[in-house]
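Take a look at the structure below.
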Amino acid sequence: MKVIAGRASEMLASRVAEAFGCDLALTEFKLFPDGELYTRIVDDVASEEVLIVQSTLTDTDFICLLQLIDACVVADSISVVIPYFGYARQDKRFKAGEGVTARALARTIEADRVFTINIHNPGVMKYFTSSARDLNAAAVIGDYIDGLNLTDPLVIAPDGGAKELAASVAAGGELDWDWLRKKRISDDEVVIEDRDLAVADRDVIIVDDIISSGGTIIEAANLLKRNGAGNIYAGCIHGVFVRNALLRLKKAKISPFSTDTIETITSSVSVAGLIRDALL
Ligand code: R5P
């Protein structure tokens, strides 16, 4: 098998190749003067089993994924891992006149099998036209937390949507977990319902699938601090971190960590092993 790295997932793809003990194909990317993306797989993939790894954080990343799939038309089989599937939050028609963007994008992926990781809404998986499976990286986050040596840790979901994730993250280390109620006011403003929490002097790990503006985590952390929490960590699968999100988290004395589905400075844990285990 040959692993093909998309431009957004070069480190993760190399870790996946290492985990499989197989070849990492050489790829190259550049932008044409008009901004269009040029993508090329330098190594020969004819009659190979290929595994393309590419997150689609930006529109150009998505184009890159389509280009790689098309370049592999000469391969024997194509498996695609989309560690972070962008637009998954546009998973329904919220207002008349909108398209379901997640569906529109999923339908364009032509491969033998597709894998995503903690896609925002697993309901989107049915839109892929080939066999598609969403992998759960909760245990990867749980193992990382176990290694942090925390004081009486408590795992918190900042909203109802993250409840299942918090429960699975906590399960491995048999940690306590709880959840908060969130109301979204605008794209980057949320309110977390006030309540009493038994967190005095305990280290707390807020876990969410995505950290984007950081607003959700910061609001949850404010509530935890009012209740006397010790150190506050924010763990996510996908560290999107738009604008100055990382700076705002740091200023709020929150320690962020994420997986390498999106490669950032906070990617302390890798999903390479999870991908290997799923594909074996
Ligand atoms: C929303 O439902 C997601 O699970 C996250 O809670 C959300 O994307 C986080 O966004 P932000 O960091 O902008 O508050």
Side-chain angles (χ1 to χ4, degrees), residues 8 55-59 61 82-95 98 100-103 105 116-125 134-138 140-142 155-170 177-195 204-225 232-259 261-269 271:
S55 280
T56 56
L57 181 61
T58 66
D59 297 357
D61 291 337
I82 314 172
Y84 173 71
F85 185 71
Y87 286 92
R89 286 177 287 181
Q90 295 191 39
D91 54 355
K92 63 180 175 205
R93 193 183 295 266
F94 294 91
K95 281 186 192 159
E98 294 174 354
V100 180
T101 312
R103 177 177 63 197
L105 296 184
T116 56
I117 297 176
N118 293 85
I119 194 163
H120 181 68
N121 175 0
V124 168
M125 301 310 286
D134 187 46
L135 310 180
N136 187 357
V140 177
I141 298 275
V155 176
I156 286 276
D159 58 29
K163 261 163 84 174
E164 219 176 292
L165 178 65
S168 351
V169 164
W177 73 277
D178 205 337
W179 67 286
L180 307 174
R181 289 176 199 274
K182 173 179 95 175
K183 196 170 158 200
R184 184 162 286 284
I185 310 293
S186 68
D187 287 349
D188 49 14
E189 201 190 341
V190 297
V191 173
I192 303 263
E193 197 177 284
D194 204 8
R195 58 171 278 210
V204 182
I205 314 99
I206 309 167
V207 294
D208 209 345
D209 60 338
I210 297 171
I211 301 179
S212 183
S213 69
T216 299
I217 297 291
I218 290 169
E219 281 305 306
N222 287 341
L223 170 61
L224 294 165
K225 285 178 198 162
I232 299 179
Y233 297 80
C236 65
I237 311 288
H238 312 295
V240 174
F241 302 124
V242 297
R243 298 191 289 272
N244 58 351
L246 276 175
L247 199 57
R248 291 174 62 228
L249 291 168
K250 284 291 185 189
K251 194 168 156 61
K253 305 225 175 324
I254 299 165
S255 307
F257 63 91
S258 62
T259 76
T261 60
I262 297 173
E263 296 174 3
T264 78
I265 192 140
T266 66
S267 302
S268 318
V269 266
V271 292

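By convention here, the first residue in the shown sequence is residue 1. In each ligand, atom 1 is the first atom listed, and ligand 1 is the first ligand listed.
Side chain of T56 to backbone of G86: a donor-acceptor contact under 3.5 angstrom is found.
The salt bridge (Lys or Arg N to Asp or Glu O under 4.0 Å) analysis of residues 208-220, with sequence neighbours excluded, yields no pairs.
Scored by the side chain to side chain contact (heavy atoms under 4.5 Å, CB included) test, V242 finds S212, S213, V240 as partners (sequence neighbours excluded).
For the pair F85 and D134, the minimum side-chain heavy-atom distance is 4.5 Å or more.
The 4.0 Å heavy-atom shell around ligand 1 contains residues R89, H120, D159, K182, R184, D208, D209, I210, I211, S212, S213, G214, G215, T216, ordered by chain and number.
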Do any side-chain atoms of residues 250-259 form donor-acceptor pairs under 3.5 angstrom with protein atoms, and if so which ones, sequence neighbours left out?
| residue | atom | partner | partner atom | Å |
| --- | --- | --- | --- | --- |
| S258 | OG | T266 | O | 3.4 |
| S258 | OG | T266 | OG1 | 2.7 |
| T259 | OG1 | I237 | O | 2.6 |
| T259 | OG1 | T261 | N | 3.2 |
| T259 | OG1 | T261 | OG1 | 3.4 |

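Ion pair D178/R195 flagged as a salt bridge, since at least one NZ, NE, NH1 or NH2 atom sits closer than 4.0 Å to an Asp/Glu carboxylate oxygen.
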